[in-house]
Amino acid sequence: MILLGVNIDHCATLRQARYRDAGGSTGGAIEPDPVALALLAERAGADGITVHLREDRRHIQERDVRRLRECIATRLNLEMACTPEMTQYALELKPDSVCLVPENRQEVTTEGGLDIVGNRDRVLACIEAMNAAGIATSLFIDPDPAQIALSAKLRAPWVELHTGAYANAGRTARRQDEFERLRRGARQAHELGLVVNAGHGINYVNIAEVRTLPHVHELNIGHSIVSRALYSGLEEAVREMKARMNGRTVASSE
Ligand code: PXP
C-alpha cells in the first residue's frame, strides 16, 4: 500500500490571503485553521502531514508548525531550505522527518529538485545533523541518475522524486518520457537502498499512472487535495485520493 502525506500549506494560503497581519490568534474569525484541517485529514486516513515553512512565510507560520508538532497523531514532515538556520530550527522542533527543498523567493511553488551535486557539503551537514538527532532526511530531487547516486552516498535515508515535470507535461508526448525517467529513477533509488517517495503536481487524474511507479513508499500531495476539499470537504478529498492511490475508484461511501 502506498502511503499518503497530505501537504496542508494551501489551507494556510487561504488564511493568509485575508489574515496575514492578524498575528497569533487562531480563534474566532481567523480561518481556516490548518491545524484543525490536519486533524481532519488524519481522521480520513492521511498517513502523515507535510508543511513547508518557507523563508518568506507566505503560507505556513512557525506557530502552525509548533501546534502541529503538539497536536497531530501521525508523522510531521517539515519541508525546508537547506540552511544552517532551518537545520537549527528542525533540531529544536524535532519533526519526524525533514525534506530538503530548493527555495527561490520569486517562484510560485517549488520549481525543481534540490541540486545535491552542486550543494554537496551543505546537504551532507544537514543529513548528518538529522541522522544524529534521529530525524529522517528526505531529499527532494529530480529523477536524475547523478542526484540519486549522490543522495545514497551521502546516506540520506529517503528521496522524494520530483514529479512536477511529468505532471506539467499533461497530455503531451513528453509525458511518457518524463514518466520513464521517474520509473528509472525509482528503480535506481531502490537498488541503492533509498526509500522512494514522490510528489508535486499529483492530482486525481494522473494518480492512476503515478501509482504504477515501482517501489514508491509515500506520495506527498497538497494542491489538488486542498482544491478538491472546497467541493467535497477535506475528509472526502483525502479518502478519495487514498482510494485512487491504491487502485480503488469509489470513495464517497467509505
Ligand atoms: N513535495 C514537495 C517537496 C513540495 O515542495 C510540494 C509543494 O510544496 C509538494 C510535494 C506538493 O505539491 P502539490 O501541492 O503540487 O501537490
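Counting starts at 1 for both ligands and their atoms, in listed order. Predicted model, so just to flag it, every value in this text is computed and none were measured.
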Novice: N/O to N/O below 3.5 Å, does that happen between Gly201 and ligand 1?
Specialist: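 Between Gly201 and ligand 1, an N or O pair is found under 3.5 Å apart.
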
Novice: Could you tabulate the donor-acceptor pairs under 3.5 Å formed by side-chain atoms of residues 145-152, not counting sequence neighbours?
Specialist:
{"residue": "Gln147", "atom": "OE1", "partner": "Ile116", "partner atom": "N", "Å": "2.7"}
{"residue": "Gln147", "atom": "OE1", "partner": "Val117", "partner atom": "N", "Å": "3.4"}
{"residue": "Gln147", "atom": "NE2", "partner": "Asp115", "partner atom": "OD1", "Å": "3.0"}
{"residue": "Ser151", "atom": "OG", "partner": "Gln147", "partner atom": "O", "Å": "2.7"}

Novice: Taking the minimum heavy-atom distance to atom 10 (C) of ligand 1, which of Glu160, Met80, Glu103 ranks first?
Specialist: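 Looking at heavy atoms only, Glu160 sits closest to atom 10 (C) of ligand 1.
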
Novice: Considering only heavy atoms of His223, which atoms of ligand 1 have at least one such atom less than 4.0 Å away?
Specialist: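 Those atoms are 13 (P), 14 (O), 16 (O).
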
Novice: Can a non-hydrogen atom of Ser224 be found less than 4.0 Å from any atom of ligand 1?
Specialist: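 No, Ser224 has no heavy atoms under 4.0 Å from ligand 1.
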
Novice: Show me the donor-acceptor pairs within less than 3.5 Å that the side chains of residues 121-128 make with the rest of the protein, sequence neighbours left out.
Specialist:
{"residue": "Arg122", "atom": "NH1", "partner": "Cys82", "partner atom": "O", "Å": "2.7"}
{"residue": "Arg122", "atom": "NH2", "partner": "Asn119", "partner atom": "OD1", "Å": "3.0"}

Novice: Of the listed options (His200, His10, Glu79), which comes nearest to atom 2 (C) of ligand 1 when hydrogens are ignored and any heavy atom counts?
Specialist: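 Of the listed residues, Glu79 has the closest heavy atom.
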
Novice: Going by an N to O cut-off under 4.0 Å, is there a salt bridge joining Arg66 and Glu70?
Specialist: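 Judged by the 4.0 Å cut-off on N to carboxylate O distance, Arg66 and Glu70 do not form a salt bridge.
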
Novice: Of all the atoms in ligand 1, which lie at a distance below 4.0 Å from a heavy atom belonging to Ile221?
Specialist: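 Selected atoms, number and element: 16 (O).
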
Novice: Taking distance alone, with N or O pairs closer than 3.5 Å, would you say Gly222 contacts ligand 1?
Specialist: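 Yes; the residue has a nitrogen or oxygen that sits under 3.5 Å from a nitrogen or oxygen of the ligand.
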
Novice: For Arg15, is there an ion pair with Glu31 - N to carboxylate O distance below 4.0 angstrom?
Specialist: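 So Glu31 does not pair with Arg15 through a salt bridge.
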
Novice: Check ligand 1 against Val101 and write out every atom of the ligand that is under 4.0 Å from a heavy-atom position of the residue.
Specialist: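 Going through ligand 1 atom by atom, the ones under 4.0 Å from Val101 are 3 (C).
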
